[in-house]
Amino acid sequence: MPTVLLLGATSDMAIAIAKQFGAHGYNVQLAARNTKQLTTIESDLQVRYNINCTSHAFDATSFATHQTFFDALPVKPDVTISVFGVMDEEEDAWGNWQLTQRMIDTNYTGAVSILNIAAKYYMQQGNGTIVGISSVAGERGRQSKLIYGSAKAAFSAYLSGLRNKLAKTGVHVVSVKPGFVYTRMTEELKLLPALTAQPAQVGKAVYNAVVNKKDVVYVKWMWRYIMLIIKNIPEGIFKKLKL
Ligand SMILES: NC(=O)c1ccc[n+]([C@@H]2O[C@H](COP(=O)([O-])OP(=O)(O)OC[C@H]3O[C@@H](n4cnc5c(N)ncnc54)[C@H](OP(=O)(O)O)[C@@H]3O)[C@@H](O)[C@H]2O)c1
């Protein structure tokens, strides 16, 4: 049976992705800062899908622990999915370097740190799949997503470069740009239902992307075109918009 590793497994999106892989016969490794929060989902996945599910302590910003974390996994995963992320209020982060650094360290540096380790392992094996949950917020810098967007832009560029680096090694890299999703991260925001996905839709999109070897996935198709328009607004106009 193949195994999938979810990094940031307490997130609503990660749980939905875990259910999709579990339903298709994958064993599941759940990795999060607080493993106590994983107890219920771990037993639920095991009972529901009759799979092996394990929990592992993982902090994206404890970079020095990442190699030990990966080495200690009882079975090396066939698919590694980076879901963790932080989106603080940009106005709060503007006045607080700690919040700014936390967004950069979690959304970008932490992801590069752990995915480099998985990528090197997969390169040696000559197979494996890496999935990164990035964001459409990384497609063009905007004031409302100043730091979060720039960290996701860096993460998207990293995933693209990694896909290019590994293309001939048998290792596949998927970039996921979900658009809005109803999760804990967005529960305070007023989101347009037509543009907002449920976590289960993300789960399906991620599973299908892995199986069908897709490179870049937008969960709701309209986001590809919305971002195409946003990316093509001339800078002279764009810089004056309140976006
Ligand atoms: N929701 C959206 O509209 C949306 C849109 C585009 C992209 N995304 C991205 O989708 C991903 C999942 O987010 P979500 O919407 O499901 O939000 P969420 O429920 O708030 O999940 C965020 C997850 O990141 C984990 N995390 C934060 N810092 C961590 C660290 N240092 N080490 C390990 N885990 C850490 C959190 O764990 P704790 O439980 O320990 O806090 C939590 O499980 C994120 O990368 C987010 O940027 C979300």
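Given the structure is predicted, the values throughout are model-derived calculations rather than measurements. Position 1 is the first residue of the sequence; numbering continues from there. Whatever order the structure lists ligands and atoms in, that order sets their numbers, starting from 1.
Using a 4.5 Å heavy-atom cutoff, the side chains of Val206 and Val217 are not in contact. Using a 4.5 Å heavy-atom cutoff, the side chains of Ser135 and Tyr148 are in contact. For the pair Arg142 and Lys145, the minimum side-chain heavy-atom distance is below 4.5 Å. In this structure the side chain of Ile51 reaches within 4.5 angstrom of the side chain of Val28, judged on heavy atoms.
Each of the following atoms of ligand 1 lies closer than 4.0 Å to a heavy atom of Gly179: 3 (O), 4 (C), 5 (C), 6 (C). With ligand atoms numbered from 1 in the order given, ligand 1 contributes 39 (O) to contacts under 4.0 Å with heavy atoms of Gln37. Within the listing of ligand 1, atoms 6 (C), 7 (C) sit less than 4.0 angstrom from a heavy atom of Pro178. The distance from ligand 1 to the heavy atoms of Phe180 drops below 4.0 Å at these ligand atoms: 3 (O). Ligand-side atoms of ligand 1 in range of Thr186: 1 (N), 2 (C), 3 (O), range being under 4.0 angstrom from any heavy atom. For ligand 1, the atoms closer than 4.0 angstrom to any heavy atom of Gly8 are 43 (O). Ligand 1 places these atoms under 4.0 Å from at least one heavy atom of Phe58: 33 (C). Here is the list of ligand 1 atoms found below 4.0 Å of a heavy atom in Asp12: 16 (O), 19 (O).
Residue-level proximity to ligand 1 for Asp59 is carried by backbone and side chain together, each with a heavy atom below 4.0 angstrom. When heavy-atom distances to ligand 1 are checked against a 4.0 Å cut-off, Val86 comes that close only through its side chain, counted from C-beta outward. Using a 4.0 Å cut-off between heavy atoms, Lys152 contacts ligand 1 through its side chain alone, with no backbone atom that close.
The shell of residues lying under 4.0 angstrom from ligand 1, judged by heavy atoms, includes Ser134. Ligand 1 has Tyr148 within reach: a non-hydrogen atom of the residue lies less than 4.0 Å from it. Every heavy atom of Ser62 sits 4.0 Å or more from the atoms of ligand 1.
Scanning the protein heavy atoms around atom 3 (O) of ligand 1, the nearest turns out to be Val181 N, 2.8 Å. The protein heavy-atom contact nearest to atom 23 (C) of ligand 1 is Ser11 CB, 3.6 Å. In terms of protein heavy atoms, atom 27 (C) of ligand 1 is closest to Arg33 NH2, 3.4 Å. For atom 24 (O) of ligand 1, the nearest non-hydrogen atom of the protein is Gly85 N, 3.1 Å. Summary of contacts: the protein heavy atom closest to atom 35 (C) of ligand 1 is Phe84 CB, 3.7 Å. The protein atom (non-hydrogen) at minimum distance from atom 14 (P) of ligand 1 is Thr183 OG1, 3.5 Å. In terms of protein heavy atoms, atom 42 (C) of ligand 1 is closest to Arg184 NH2, 3.5 Å. Of all protein heavy atoms, the one lying nearest to atom 48 (C) of ligand 1 is Met13 CE, 3.5 Å.
Both tests hold for Arg140 against Phe238: distance to the six-membered ring centre under 6.0 Å, angle to the ring axis within 45°.
In this pair, Phe58 and Phe84 present their aromatic rings tilted. The plane angle is within the 30 to 60° band. Ring geometry for Tyr158 versus Phe155: interplanar angle under 30°, hence parallel rather than tilted (30 to 60°).
If you check the side chains of His56 and Thr54, you find a donor sitting under 3.5 Å from an acceptor. No side-chain N or O of Tyr207 forms a donor-acceptor pair with one of Asn212 less than 3.5 Å apart. No hydrogens or angles considered: nothing links the side chains of Gln46 and Asn50 as a donor-acceptor pair under 3.5 Å. Between the side chains of Thr61 and Arg102, no donor N or O sits under 3.5 Å from an acceptor N or O. Side-chain N/O atoms of Tyr122 and Thr129 include no donor and acceptor closer than 3.5 Å.
When only interatomic distances are considered, the shortest N/O to N/O separation between Asn34 and ligand 1 does not fall below 3.5 Å. Considering backbone and side-chain N/O of Ala9, none are found under 3.5 Å from N/O of ligand 1.
Relative to atom 38 (P) of ligand 1, the option among Thr10, Ile133, Val83, Leu7 with the closest non-hydrogen atom is Thr10.
A salt bridge is defined here as a Lys NZ or Arg NE, NH1 or NH2 lying under 4.0 Å from an Asp or Glu carboxylate O, and Lys152 with Glu139 fails to meet this definition.
In plain terms, the two heavy atoms of Val174 and Ala209 that are nearest each other are CG1-CB, 3.8 Å.
No donor-acceptor distance shorter than 3.5 angstrom exists from the side chain of Trp223 to the backbone of Val136, with no hydrogens or angles considered.
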